[in-house]
There are 2 protein chains.
Amino acid sequence: MDIRTLCLGILSLGEATGYEIKKMVTEGRFSFFSEASFGSIYPALTQMTGEGLVACRTEAQGNRPDKKVYSLTDAGRAYLEEQLAEAPRPDRNRSDFLAALLFAEAVSPERIEDLIIERVSLHDEQIALLKAHLKDEQGTVSRFVLEYGLAMQQAARRFLAENRARLTAQPDKRTG
Amino acid sequence: MDIRTLCLGILSLGEATGYEIKKMVTEGRFSFFSEASFGSIYPALTQMTGEGLVACRTEAQGNRPDKKVYSLTDAGRAYLEEQLAEAPRPDRNRSDFLAALLFAEAVSPERIEDLIIERVSLHDEQIALLKAHLKDEQGTVSRFVLEYGLAMQQAARRFLAENRARLTAQPDKRTG
DNA sequence: GAACACATGTAAGAAGTTACATGATTAT
DNA sequence: ATAATCATGTAACTTCTTACATGTGTTC
């Protein structure tokens, strides 16, 4: 999903500034399955304002730079709908972790155990975070999404915990 | 994981040509968690040959362009080890599917059911593929990686199947 | 005879990140 | 006083994909 669609999607849930969008994708409800930087968000919003996909209302506020509050237009809503309808190419399961595991075997097998341990605690962090977010979340779909994330993290953690022994059981080091 | 590291990693498992690497990442054992195009693989290999990270042996073959068989050098192995040791930043769980679900709620709620159905059959495809690959795979770590992928696909499918009703139970459409 | 597998490579362009520029306010 | 939060924006750069260029042999 490109930044434009992501921004439109977020705006479909309510108006927001570029700054707020950034916060949502890095810390908020969207941080679990997306990412974006200022350098892509601001230009995207400016561009889409020019195209009439979003509307921009400026709120003056004393000292700080004026707030630019964006909202979805009808054209933007239609465009978003088009984007979401497009061939949903499968999310690539890109995983540096799995690649690292596979390559570690050839290069530094003694690191495999570390990799798995690190990974398990990473899952624990994510699980805690997701549970915290779940407490605040009311929307049916939003909760579904968080619970989906939670289920995945738990499944991964469980698999690693249960199967770790197979990889880390060191081949007997005694000679003969 | 950038293309360079990916290529080095694949070469750590045995020598290969650029063409073969491309096949492995698009159809083969690596297709489940990585991707790369010719336009990135070939330049990466040429560059790394210049840097001494890989060695290149040319195999003439009649009519076709000469095969360039690459293999990892000691420097390359060391470099790869460094890369794998680096702060394992968490695989981002970027998911267009989840984003689409969330946004569909606001824009075309009637599509939510379709999205989930499409997704479930996508998981079924992946599960079948992974099982097929598992039959041929002998290496302990390789099997582990495939089984991990399988477990994730199955967990996702199960979650969707079990929880689908919560989202697709249409709010009663009768008036009054 | 059309399309695909083999085999390498380049150039143009997309899409994004990082780092900078600016500057007040508030918390530690 | 030092850092973080708020708030926007731009320019340089990285990284990768897409599409092209070239050509044979094999399969449908």
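All heavy atoms count here, side chains included; hydrogens, waters and symmetry mates do not. First the proteins, then the strands, lettered A, B, ... as listed; each starts at 1.
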> NZ of A:Lys68 versus C1' of D:dC6: gap in Å, rounded?
Replying inline: 16 Å
> Hey, is the main chain of A:Met1 close enough, under 3.5 Å, to the side chain of A:Thr5 for a donor-acceptor pair?
Replying inline: no
> About how many Å separate CD1 of B:Ile127 and CE of B:Met152, when rounded to the nearest 0.5 Å?
Replying inline: 11.5 Å
> Say you draw a straight line from CD1 of B:Ile41 to CG of B:Leu6; how long is it, rounded to the nearest 0.5 Å?
Replying inline: 7.5 Å
> Could you give the CE-to-C1' distance, from A:Met24 to D:dT5, as a whole number of Å?
Replying inline: 16 Å
>> Please pick, from D:dA7, C:dC6, C:dT8, the nucleotide with the shortest atom-to-atom distance to any side-chain atom of A:Tyr19.
In response: D:dA7
> Tell me: NZ of B:Lys67 to P of C:dG9, nearest whole Å?
Replying inline: 14 Å
> With the sugar-phosphate defined as primed atoms, P, OP1 and OP2, and the base as all remaining atoms, what B/S/- string results for nucleotides 14-28 of chain D, 5' to 3', for protein heavy atoms under 4.0 Å?
Replying inline: --SBB-----SS---
> Roughly how many Å is it from CD1 in A:Ile21 to P in D:dC6, rounded to a whole number?
Replying inline: 15 Å
> Does anything in residues 43-82 of chain A pair up under ring-ring contact (aromatic ring centres under 6.0 Å, His included), and if so which pairs, sequence neighbours excluded?
Replying inline: none
> What ring-ring contact (aromatic ring centres under 6.0 Å, His included) pairs are there with at least one residue in residues 122-143 of chain A, not counting sequence neighbours?
Replying inline: A:Phe32-A:His133
>> If I compare all heavy atoms of A:Asp66 with all of A:Ala60, which pair ends up nearest, and what's the gap?
In response: OD1-CA, 3.5 Å
> Does B:Gln61 place a side-chain N or O at less than 4.0 Å from the phosphate oxygens OP1/OP2 of C:dC6?
Replying inline: no
> Counting only side-chain N and O atoms of A:Tyr42, is one of them less than 4.0 Å from OP1 or OP2 of D:dT8?
Replying inline: yes
>> Rounded to whole Å, how long is the line connecting atom CD of A:Gln47 with atom C1' of D:dT8?
In response: 17 Å
> With respect to the phosphate group of D:dC6, does any side-chain polar atom (N or O) of A:Lys22 fall under 4.0 Å of OP1 or OP2?
Replying inline: no
>> Enumerate the salt bridge (charged side-chain N to carboxylate O under 4.0 Å, His left out) contacts for residues 122-135 of chain B, please, sequence neighbours excluded, ordered by first and then second residue.
In response: B:Asp124-B:Arg157
>> Starting from B:Tyr42 and following side-chain heavy-atom contacts under 4.5 Å between hydrophobic residues (I, L, V, M, F, W, Y), which residues can be reached?
In response: B:Tyr19, B:Phe38
> Is a donor on one side and an acceptor on the other found under 3.5 Å between the side chain of B:Ser31 and the backbone of B:Val25?
Replying inline: no
> Roughly how bent is the helix from C:dG1-D:dC28 to C:dT28-D:dA1 end to end, in steps of 10 degrees, with each end axis from five pairs?
Replying inline: 40°
> Whole-Å distance between C:dC6 P and B:Glu59 CD?
Replying inline: 15 Å
>> Quick check on D:dC6: is either OP1 or OP2 less than 4.0 Å from any side-chain nitrogen or oxygen of A:Lys23?
In response: yes
